[in-house]
Each structure stands twice: as C-alpha cells, then as structure tokens.
Student: 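Here's a structure for you.
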Amino acid sequence: MTLPVTIEDIRAAADRIHDIAVRTPLLHCEHLNEIAGADILIKPECLQVTGSFKIRGATNRIAQLFGDEIERGVVAFSSGNHAQGVARAARLFGSPATIVMPSDAPDVKVDGVRRNGAEIVYYERERESREEIAASIAERDGATLIPSYDDPHIVAGQGTVGLELADQARRAGKTIDHLIVCTGGGGLISGAALALKAAFPRAKAWTAEPEGHEDWARSLEAGHLIANASGVRSMCDAILTPEPGRIPFEIGSQVLSGGLVVTDAQVARAVEFAFRHLKLVVEPGGAVALATVLAGLPDHMKETTVAVVLTGGNVDPATFARLVSGTTSD
C-alpha cells in the first residue's frame with residue numbers, strides 16, 4: 001500500500017526545518033525506570049521552539065510556499081500550540097498569519113501567538129466551526145490554510161521527531177521496542193512512527209489519549225474512523241480533536257499497534273512528576289504519554305525499551321501551580 005507520506009518526505013522535512021527547529025535531547029530517569037519496570041527514553045518536545053513539536057510541521061509546510069503565496073499569508077486554527085508554530089514560522093518566512101483560536105484558549109498560548117505578530121480571530125467552541133471560519137478567511141484573503149495535522153507536509157515535519165529518536169537511541173546503543181505519543185489529530189504519532197519503524201522495523205507505536213477522547217484507540221480497534229462524543233471535556237486542551245485526521249489515520253492504520261488511555265487525574269500526576277523528577281514544565285496534553293507509563297505499562301512492555309514523547313510545555317502558570325502542588329510520593 002502506498003502511503004501519503006514516505007520516509008524520504010520526512011528526511012526532506014528534516015533538511016528544511018534544520019535551522020529553525022532544535023534537536024531536543026533524549027533523557028533518562030532511573031526513578032521512572034523503576035516505576036515502569038522498563039527502560040524509558042524521554043523525548044522532551046516541551047523544550048522545542050515555541051514550546052511544542054508543532055513548529056516542525058508548520059515550518060515544513062510554510063517553507064514550501066513561494067512568491068505570492070508568502071505575500072498573501074497563511075491561516076490556521078488551533079487551541080494554541082499549532083497556532084504558535086504557524087505564527088513563528090510565518091514570521092521567519094515574512095508571511096502574515098491569521099490564527100483562529102477558541103475564546104477560552106490559555107493566555108500563555110495566546111500571548112505566544114501575539115508575540116510572533118499574528119492576528120487572532122476568536123471563536124466559541126460550542127457554537128462555531130473553527131474550520132469554517134478559517135476557510136472563509138483564507139478565501140477572502142487568498143491565504144494558504146495550514147492544517148494542524150491533516151496534511152502530508154505537516155505529518156512529514158512532525159515525523160522528524162521519529163528520525164531524531166532513532167538516531168539518538170542508536171548513538172546510545174539502544175533499540176527502541178515501543179513508542180508512546182500524546183495524540184490528538186495524529187500528525188505526530190503517524191509521522192514519528194513511520195520514521196522510527198524505518199530504523200527499528202519491529203518497534204510498536206501507541207497513541208496516548210485522555211479518557212473520553214480516545215478516538216484513536218477506538219478507531220484503531222475498529223479499523224475505521226470513530227468520532228468522540230460531543231461535550232466531553234478534559235484538561236488536555238492541546239489534543240482534544242473531534243476524530244483522527246484522515247491522512248494520519250491512513251498512515252496510522254498501517255504503522256500503529258493500538259492506543260493507551262488515561263484519566264485526567266493520572267495526567268495531573270504526570271505533570272507533577274515531570275516537574276519534580278525531570279525538572280520539566282509540561283502541559284497536561286503534553287504529559288499524557290508519560291501518564292500511561294506512570295499508570296502502569298501493559299505487561300508486554302515490561303523489560304523493554306520504551307520511547308515517550310512529551311509533546312508540549314505551554315501551560316498557564318496558575319494551572320501549572322495547581323497541578324504540581326499535589327501529593328505524589330517520591
């Protein structure tokens with residue numbers, strides 16, 4: 001089966017984004033290994049430019065615009081991390097950007113978009129369609145719509161996380177058996193899994209989602225797209241999408257092994273753990289993969305090497321203070 005993104009696309013994306021995105025490190029924590037009963041490799045994309053992996057895909061997509069396309073600008077819709085990635089990439093390429101954001105988006109993410117000079121258009125989550133608003137703006141201005149995940153160039157850019165993971169693991173003398181990634185629309189997990197399996201063909205990749213938003217876990221089990229029920233809330237705002245993206249799912253149905261699900265309480269514990277033991281600031285949506293480890297890995301992952309991606313660190317200070325003031329034991 002021919003997939004919409006190839007390993008060659010991901011390698012080309014790595015070349016395009018090289019001067020903008022940073023190569024985040026690969027971390028180890030003996031305490032986490034003891035809890036997990038496995039060798040955990042931590043990829044902290046919360047240390048990435050703009051505070052999340054989203055700069056990778058945004059840069060790869062905008063880097064392929066030319067002439068009038070750059071001048072007419074770009075449009076995106078996002079709760080914050082993709083918004084910041086697009087705003088930063090657009091500024092660096094000299095392209096005006098308009099971002100459609102929910103009215104309740106965290107201030108830290110709104111501020112990040114504004115600092116990069118993008119115009120913000122707010123919408124109401126329960127009453128308005130962000131897709132329709134963004135499409136209308138793009139048509140009015142002749143701008144290019146930059147999707148947050150359902151685009152092959154975005155997937156290829158996010159897939160560079162998997163390239164880095166594979167290279168860093170090999171340099172450390174390790175073979176990755178499993179990959180767990182916080183998952184919303186699926187651009188990151190599909191691209192990263194594709195890249196990782198090119199290096200470690202036997203590796204298995206798993207989505208990590210908050211309870212009530214496990215559309216990927218259910219869709220992978222069913223073999224077709226299944227949407228989340230409307231009105232279900234979670235603190236993991238960065239990864240709350242209606243259903244898997246069609247392009248990511250086309251890839252994911254071929255390269256993913258299944259999905260893991262955790263509660264918001266388990267996510268809160270993961271945010272606290274990352275702060276106390278890894279000295280990292282991680283937002284709830286970016287800590288879901290870590291939460292699956294802390295909640296207890298499935299038996300088939302015990303005594304294996306598991307790569308975990310912390311996908312973002314853009315969390316409101318007041319929210320973060322509440323989360324890290326818990327009573328998780330050492």
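Numbers here simply count residues along the sequence, with the first being 1.
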Student: Using side-chain contact (heavy atoms from CB on, under 4.5 Å) as the criterion, list what pairs up with His300, not counting sequence neighbours.
Tutor: His178, Trp206, Pro298
Student: Apply side chain to side chain donor-acceptor pair (under 3.5 Å) to Thr24 and list each qualifying residue two or more places apart in sequence or on a separate chain.
Tutor: Lys43, Glu45
Student: Taking all heavy atoms of Val108 and all of Asp316, pick out the closest pair and write down the distance.
Tutor: CG1-N, 3.7 Å
Student: Any donor-acceptor pair under 3.5 Å linking the side chain of Glu283 with the backbone of Asn314?
Tutor: yes
Student: Taking side-chain contact (heavy atoms from CB on, under 4.5 Å) as the criterion, tell me which of Met101, Glu128, Glu132 meets it with Tyr123.
Tutor: Glu128
Student: Quick one: list whatever passes salt bridge (charged side-chain N to carboxylate O under 4.0 Å, His left out) with Asp215, sequence neighbours left out.
Tutor: none
Student: Testing Thr144, Ile70, Val86 one by one against Ser95 for a side-chain contact (heavy atoms from CB on, under 4.5 Å), which residue passes?
Tutor: Ile70
Student: Ring of Tyr122, cation from Arg130 - is the NZ or CZ under 6.0 Å from the centre and inside 45° of the axis?
Tutor: no
Student: Check which hydrophobic residues are tied to Leu240 through side-chain heavy-atom contacts below 4.5 Å, counting indirect links as well, and list them.
Tutor: none
Student: Ignoring hydrogens and angles, write down the donor-acceptor pairs under 3.5 Å from the side chains of residues 148-158, residues two or more places apart or on other chains.
Tutor:
residue, atom, partner, partner atom, Å
Asp150, OD1, Arg246, N, 3.2
Asp150, OD1, Ile247, N, 2.7
Asp150, OD2, Arg246, N, 3.1
Asp151, OD1, His153, N, 2.7
Asp151, OD1, Ile154, N, 3.2
His153, ND1, Gln64, NE2, 3.3
Gln158, OE1, Gly57, N, 2.8

Student: Show your reasoning for whether salt bridge (charged side-chain N to carboxylate O under 4.0 Å, His left out) applies to Lys109 and Asp237.
Tutor: CA-CA 11 Å; Lys109 297 182 179 181; Asp237 66 284; 3.1 Å; yes
Student: Can you list the residues that meet the side chain to side chain donor-acceptor pair (under 3.5 Å) rule with Glu131, with sequence neighbours excluded?
Tutor: Ser129
Student: Listed by chain and number, what are the ring pair (Phe, Tyr, Trp, His ring centres under 6.0 Å) partners of Phe249, not counting sequence neighbours?
Tutor: Trp216
Student: Under 4.0 Å between a side-chain nitrogen and a carboxylate oxygen: does that hold for Asp111 and Arg115?
Tutor: no
Student: Can you tell me how far apart CG (Leu290) and CG (Leu294) are? Round to the nearest 0.5 Å.
Tutor: 4.5 Å
Student: Assess whether salt bridge (charged side-chain N to carboxylate O under 4.0 Å, His left out) is satisfied between Arg322 and Glu272, documenting all intermediate values.
Tutor: CA-CA 9 Å; Arg322 290 194 298 271; Glu272 180 195 9; over 6 Å; no
Student: Which heavy atom in Ala289 sits nearest to a heavy atom in Cys182, and how many Å separate them?
Tutor: N-SG, 3.3 Å
Student: Name all residues meeting the salt bridge (charged side-chain N to carboxylate O under 4.0 Å, His left out) criterion together with Arg72; count only those two or more places apart in sequence or in a different chain, and write none if there are none.
Tutor: none
Student: Please enumerate all residues that pass side chain to side chain donor-acceptor pair (under 3.5 Å) together with Asp104, with sequence neighbours excluded.
Tutor: Arg125
Student: Between the side chains of Glu119 and Arg114, is the shortest nitrogen-to-carboxylate-oxygen separation below 4.0 Å, so that they form an ion pair?
Tutor: no
Student: I'd like a table of donor-acceptor pairs (distance under 3.5 Å, sequence neighbours excluded) in which one partner is a side-chain atom from residues 10-22, with atom names and distances.
Tutor:
residue, atom, partner, partner atom, Å
Arg16, NH1, Asn60, OD1, 2.9

Student: For Thr292, check side-chain contact (heavy atoms from CB on, under 4.5 Å) against everything at least two apart and list the hits.
Tutor: Ile180, Ala208, Leu260, Val262
Student: For the pair His82 (side chain) and Pro147 (backbone), establish whether a donor and an acceptor sit closer than 3.5 Å, ignoring hydrogens and angles.
Tutor: yes
Student: List the residues meeting side chain to side chain donor-acceptor pair (under 3.5 Å) with Asp39, not counting sequence neighbours, and say none if there are none.
Tutor: Lys174
Student: Could you state the interatomic distance from CG (Leu41) to CG (Leu179), rounded to the nearest 0.5 Å?
Tutor: 10.0 Å
